[in-house]
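Sequence lines set the chain letters: A, B, ... in the order given, protein chains first and strands last, and positions in each chain run from 1. Worth knowing before you read on, the calculation uses all heavy atoms, side chains too, and leaves out hydrogens, waters and symmetry mates.
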Protein chains: 2
Amino acid sequence: MKLEESKDKFIQSWGALGSSWGINRTMAQIHALLLISPEALSAEDIMEALQISRGNANMNIRALIDWGLVYKELKAGERREFFVAEKDMWTVVRNIITQRKKKELEPMLKVLEEISNVDDNSPEAEEFVQVIREIKLFSNKANSTLDSLVKSDSNWFVGTFMKMIK
Amino acid sequence: MKLEESKDKFIQSWGALGSSWGINRTMAQIHALLLISPEALSAEDIMEALQISRGNANMNIRALIDWGLVYKELKAGERREFFVAEKDMWTVVRNIITQRKKKELEPMLKVLEEISNVDDNSPEAEEFVQVIREIKLFSNKANSTLDSLVKSDSNWFVGTFMKMIK
DNA sequence: ATGAAGTTTCAAAAATTTTTGAACCAACAA
DNA sequence: TTGTTGGTTCAAAAATTTTTGAAACTTCAT
């Protein structure tokens with residue numbers, strides 16, 4: 001397989017994967033492009049390579065920086081900004097977990113807390129509260145497990161976890 | 001808070017959570033409705049409760065059954081079908097992981113395998129292959145970790161994992 | 001100041017995903 | 001066989017998400 005073809009295939013697949021992971025297609029494609037880019041790229045380079053508009057490029061680059069998946073790199077004597085990808089996959093996954101936990105899991109926990117205050121003592125209400133209680137228990141566990149996961153380091157993940165788990 | 005209001009809030013939030021988890025809003029809402037439903041519901045009941053069309057209800061119920069998140073329940077002497085939710089959260093998460101692993105992670109692994117066959121020995125190609133190799137290593141690890149996770153049981157998750165992890 | 005190079009914003013347009021509803025199919029009772 | 005109830009399908013419509021591109025803004029050099 002030819003290099004250009006390979007690179008392109010990687011960018012497309014990474015885009016598809018990302019879009020089912022809460023990262024939109026273009027955002028993931030930019031990340032992919034930067035991952036396999038030997039040097040930092042400018043916004044212009046990215047627009048060119050992916051054939052996207054300036055606005056789109058700008059917004060998605062900002063989002064990637066927000067998520068900690070891309071860094072700004074300033075070159076001496078250059079006015080424009082260059083960008084590089086976070087290349088450590090463990091950090092990439094960790095940052096995504098952190099963002100999504102905050103945006104999705106935590107609001108759910110808040111809601112579960114709220115709705116367990118049902119001021120009604122019918123058997124039906126009892127049953128409802130019981131179901132919610134179990135979901136809450138599970139979610140809290142998941143939440144703190146993810147916290148630990150995020151705090152642990154790459155080395156731990158690739159090394160110990162696999163053995164521990166079986 | 002009133003019971004009906006609580007239930008409704010739960011359905012809405014579960015729908016929102018689901019839609020950022022590869023399960024569409026309605027699909028997650030149906031699951032939520034069934035989770036907090038004391039008895040099995042018919043398609044008609046679900047359409048009524050969520051104010052959705054017959055086609056929508058049918059398709060999403062089928063998808064939920066496919067994912068192993070909802071079961072069909074046949075009542076003696078009743079021609080129509082009733083549905084109940086899988087209520088064990090660990091099983092729910094496990095089934096979602098299984099589905100998404102198959103639909104998203106595994107195709108990516110295949111692509112990574114393919115594209116590491118670059119028949120080019122320029123330094124640039126070398127570098128590219130190296131980056132892909134690292135991603136592949138990580139993805140394979142993630143894949144088998146998820147496999148173990150899926151095989152392990154609920155009890156293990158809620159009990160041991162937390163202590164192990166720190 | 002003025003202009004050039006680069007960045008940001010955001011309303012409108014395009015693309016994508018989800019939902020609808022009517023036609024069709026299947027099982028059964030009369 | 002026909003009518004009724006319930007399930008399935010899918011093209012078209014609606015809703016949602018993403019992208020565009022032009023205007024506004026910023027920074028810096030002259």
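When rounded to the nearest whole Å, the span between CD of B/Glu81 and P of C/dA26 equals 15 Å. Between B/Leu74 atom CG and C/dA27 atom P there is a gap of 14 Å when expressed in whole angstrom units. Rounded to an integer number of Å, the gap from CE of A/Met59 to P of C/dT8 is 11 Å. Protein atom CZ of A/Arg62 is 7 Å distant from nucleotide atom P of C/dT7, rounded to whole Å.
Checking side-chain atoms of B/Ser6 against main-chain N and O of A/Ile115 turns up a donor-acceptor pair under 3.5 Å. Side-chain N or O atoms of B/Ser122 include one that pairs as donor or acceptor with a backbone N or O of B/Ala125 at under 3.5 Å.
Closest-nucleotide positions on DNA chain D for B/Gly55 and A/Arg79 were compared, and the one nearer the 5' end corresponds to B/Gly55. Comparing A/Glu78 and B/Arg25 along DNA chain C, the residue whose closest nucleotide (by nearest heavy atom) sits nearer the 5' end is A/Glu78.
Proximity of residues 34-50 of chain A to DNA chain D (heavy atom under 4.0 angstrom from any strand atom) is not detected for any residue.
Under 3.5 Å, the side chains of B/Ser42 and B/Asp45 contain a donor-acceptor pair of N or O atoms.
The residues A/Lys136 and A/Glu113 are annotated as salt-bridged, a charged nitrogen and a carboxylate oxygen being separated by less than 4.0 angstrom. Using a 4.0 Å cut-off between a side-chain N of Lys or Arg and a carboxylate O of Asp or Glu, A/Glu106 and A/Arg100 do not qualify as a salt bridge. In summary, A/Glu81 and A/Arg62 engage in a salt bridge, as defined by a charged side-chain N under 4.0 Å from a carboxylate O.
Residue B/Asn56 is classed as a base contact, given a heavy-atom separation below 4.0 Å to a base. Using a 4.0 Å heavy-atom distance criterion, A/Asn58 is classed as a base contact.
Dashed line: the shortest gap from a side-chain N or O of A/Arg80 to OP1 or OP2 of C/dT7 is not under 4.0 Å.
Side-chain heavy-atom separations under 4.5 angstrom define the hydrophobic clusters, and B/Phe82 shares its cluster with no other residue.
Here the side chains of B/Ile135 and B/Met108 are not in contact, with every heavy-atom distance at 4.5 Å or above. Between A/Trp14 and A/Arg25 the shortest side-chain heavy-atom distance does not fall below 4.5 Å.
Close approach of DNA chain D to chain B, defined as any atom under 4.0 Å from a non-hydrogen atom of the protein, starts and stops at D/dT5 to D/dC10.
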